Amino acid sequence: MNKKFAKIIGVILCLSLLLTLAVGCDSDEEPTPSEESTETEADTTTEAPVVGLEKTAWEAKFSDEVFKNYTVIFEGTMTVTQDGVVDSTSLVWQKIKTTAEKVELTVRASDVASPTNSDEVTMSFEGETAEIQKIQNSQLFLTILRKYENFKYNAEANTYTIPEDIVLNEVLKASHRDGTLFDVPAQIEIREAVVTFSEDGMIATFSCDYSQAMDIGDSIVTTSGKTTWTFTDFGTTVIE
């Protein structure tokens, strides 16, 4: 493993605050023609308006129970800066498999200047270490997605979007190298956020252009970039 890739992996593992909803539902009620109308049903029937999820239904899609077993692929161009100075810009691909007892993380990364020269590593975690990974690998996208009030349903595209740029000030969790968790104040800026859902009502994709500035104590470390999370295998993910 080359030094640059090792550095990228270190950033992802130590600051793995990187980076769900349901299908926009059609009404189950069919409109009926007026009792006084003599026209055919085809002439009088109009489609019911398509509306987005209500808050309780939205929140149910992001419960801890839903995210006990799933697979997510994260990919995008990630830039890391420290105190305003660019440390690295990399093409990053991660596959994270989560089950009740284990987490498996596969990372592939390359420098943007040499996109075909990539390295890959797979790591498995169990027990307390797996529980820490579960928190760190999901808390960023769940923090954003659980804020129902920020999303607007686009009936034409059947997506949910955050129509304006927003800034969230949160306290997230990071871990020391010995595995202990600590609080990290974070400012998250979100742009161009779009969520899609699969036909079974589970989140399919979440994409956005984001930046996340974390106060590590003696420095501000920021990760940023256009990224996409793709979710699959809810309840059926298996780690050998």
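Note that the structure is a prediction, hence the values are computed from the model and not measured.
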> Which atom pair, heavy atoms only, marks the closest approach of Glu104 to Ile239?
Replying inline: N-CD1, 3.6 Å

> Could you give the distance from NZ (Lys97) to OG1 (Thr232), rounded to the nearest 0.5 Å?
Replying inline: 9.0 Å

> Do the side chains of Glu75 and Val92 get nearer than 4.5 Å, heavy atoms only?
Replying inline: no

> Where do Thr222 and Met214 land on the side chain to side chain contact (heavy atoms under 4.5 Å, CB included) test, with the steps shown first?
Replying inline: CA-CA 6 Å; Thr222 302; Met214 296 168 289; over 6 Å; no

>> Check whether Thr81 reaches the backbone of Val85 with its side chain - one donor and one acceptor, N or O, closer than 3.5 Å.
In response: no

> Just wondering, are more than 12 heavy atoms of other shown residues or ligands nearer than 6.0 Å to CD in Glu101?
Replying inline: no

> In terms of hydrophobic clusters joined by side-chain contacts under 4.5 Å, are Trp93 and Val121 together?
Replying inline: no

> Considering all heavy atoms of both residues, which atom of Gln212 and which atom of Ala186 are nearest to each other, and what is their separation?
Replying inline: CG-CB, 4.5 Å

> Would Ile220 end up clustered with Val171 when hydrophobic side chains under 4.5 Å apart are linked, directly or stepwise?
Replying inline: no

> Are any side-chain N or O atoms of Asn69 and backbone N or O atoms of Thr236, one a donor and one an acceptor, separated by less than 3.5 Å?
Replying inline: yes

>> Under the criterion side chain to side chain contact (heavy atoms under 4.5 Å, CB included), I'd like the reasoning laid out for Ile188 against Val167: C-alpha separation, chi angles, the key distance, then a yes or no.
In response: CA-CA 6 Å; Ile188 308 166; Val167 177; over 6 Å; no

> Of the non-hydrogen atoms in Ala60 and Val66, which two are nearest, and what is the gap between them?
Replying inline: O-CG2, 3.5 Å

>> Quick check for you: to the nearest 0.5 Å, what is the distance between Met202 atom CE and Asp233 atom CG?
In response: 11.0 Å

> Got a salt bridge between Lys147 and Glu170, using NZ or NE/NH1/NH2 to carboxylate O under 4.0 Å?
Replying inline: yes

>> I need the Gln94 CD to Phe74 CZ distance, nearest 0.5 Å.
In response: 6.0 Å

> Looking only at atom types and distance, does a side-chain atom of Lys152 sit under 3.5 Å from a main-chain N or O of Gly52, one as donor and one as acceptor?
Replying inline: no

> What about the rings of Phe234 and Phe67, do their centers lie closer together than 6.0 Å?
Replying inline: yes

>> Hydrogens and angles aside, do Ser224 and Ser211 bring a side-chain donor and acceptor to less than 3.5 Å of each other?
In response: no

>> Within this structure, what is the CD1-NZ distance for the pair Ile73 and Lys95, rounded to the nearest 0.5 Å?
In response: 5.5 Å

>> Between Thr230 and Thr205, do the side chains contain a donor N or O and an acceptor N or O under 3.5 Å apart?
In response: no

>> If you count heavy atoms of other groups shown closer than 6.0 angstrom to CD of Glu54, is the number above 12?
In response: no

>> What verdict does the side chain to side chain contact (heavy atoms under 4.5 Å, CB included) test give for Leu172 and Gln136, after you've listed the backbone C-alpha separation in whole Å, the side-chain angles of each residue and the deciding distance to 0.1 Å?
In response: CA-CA 8 Å; Leu172 303 179; Gln136 292 184 324; over 6 Å; no

> Where do Ala130 and Val103 come nearest, in terms of heavy atoms and distance?
Replying inline: O-CG2, 3.6 Å

>> Here's a test for you: under side-chain contact (heavy atoms from CB on, under 4.5 Å), which of Thr159, Leu145, Asn154 qualifies with Val195?
In response: Leu145

>> Between Lys134 and Thr99 (side chain of the first, backbone of the second, donor and acceptor by atom type, cut-off under 3.5 Å), is there such a pair?
In response: yes

> Just one of Thr71, Val72, Thr196 clears the side-chain contact (heavy atoms from CB on, under 4.5 Å) bar with Phe231, so which one?
Replying inline: Val72

> Looking at the rings of Phe151 and Tyr160, which for Trp means the six-membered one, are their centres under 6.0 Å apart?
Replying inline: no

>> Taking the side chain as everything from C-beta on, heavy atoms only, tell me whether Val80 gets closer than 4.5 Å to Val86.
In response: no

>> For the residue pair Gln82 / Asp87, report whether a side-chain donor-acceptor contact shorter than 3.5 Å exists.
In response: no

>> Ignoring hydrogens, what is the shortest heavy-atom contact between Val184 and Ala174? Give both atom names and the distance.
In response: CG2-CB, 3.5 Å

> Hey, is Glu192 close enough to Lys226 for a salt bridge, meaning N to O under 4.0 Å?
Replying inline: yes

> Which pair of non-hydrogen atoms, one from Tyr153 and one from Asn158, has the smallest distance, and what is that distance?
Replying inline: OH-OD1, 2.7 Å

> How many angstroms lie between atom CD of Glu240 and atom OG of Ser124, to the nearest 0.5 angstrom?
Replying inline: 10.5 Å

> Are Leu142 and Val194 joined in one hydrophobic group, where the rule is that I, L, V, M, F, W and Y side chains link up if heavy atoms are under 4.5 Å apart?
Replying inline: no

>> If you apply the rule side chain to side chain donor-acceptor pair (under 3.5 Å), what do you find for Ser207 with Thr228, and how did you get there?
In response: CA-CA 4 Å; Ser207 61; Thr228 298; 4.6 Å; no

> Does any donor atom in the side chain of Thr79 or Thr89 lie under 3.5 Å from an acceptor atom in the other side chain?
Replying inline: yes

>> Checking Lys173 against Asp183 for the side chain to side chain contact (heavy atoms under 4.5 Å, CB included) test, could you report, in this order, the C-alpha distance in whole Å, the side-chain angles of both residues, the deciding distance, and whether it holds?
In response: CA-CA 5 Å; Lys173 294 290 185 183; Asp183 290 340; 2.5 Å; yes

>> Please report the interatomic distance CD1(Ile166) to OH(Tyr210), rounded to the nearest 0.5 Å.
In response: 14.5 Å

> In terms of hydrophobic clusters joined by side-chain contacts under 4.5 Å, are Leu105 and Val238 together?
Replying inline: no

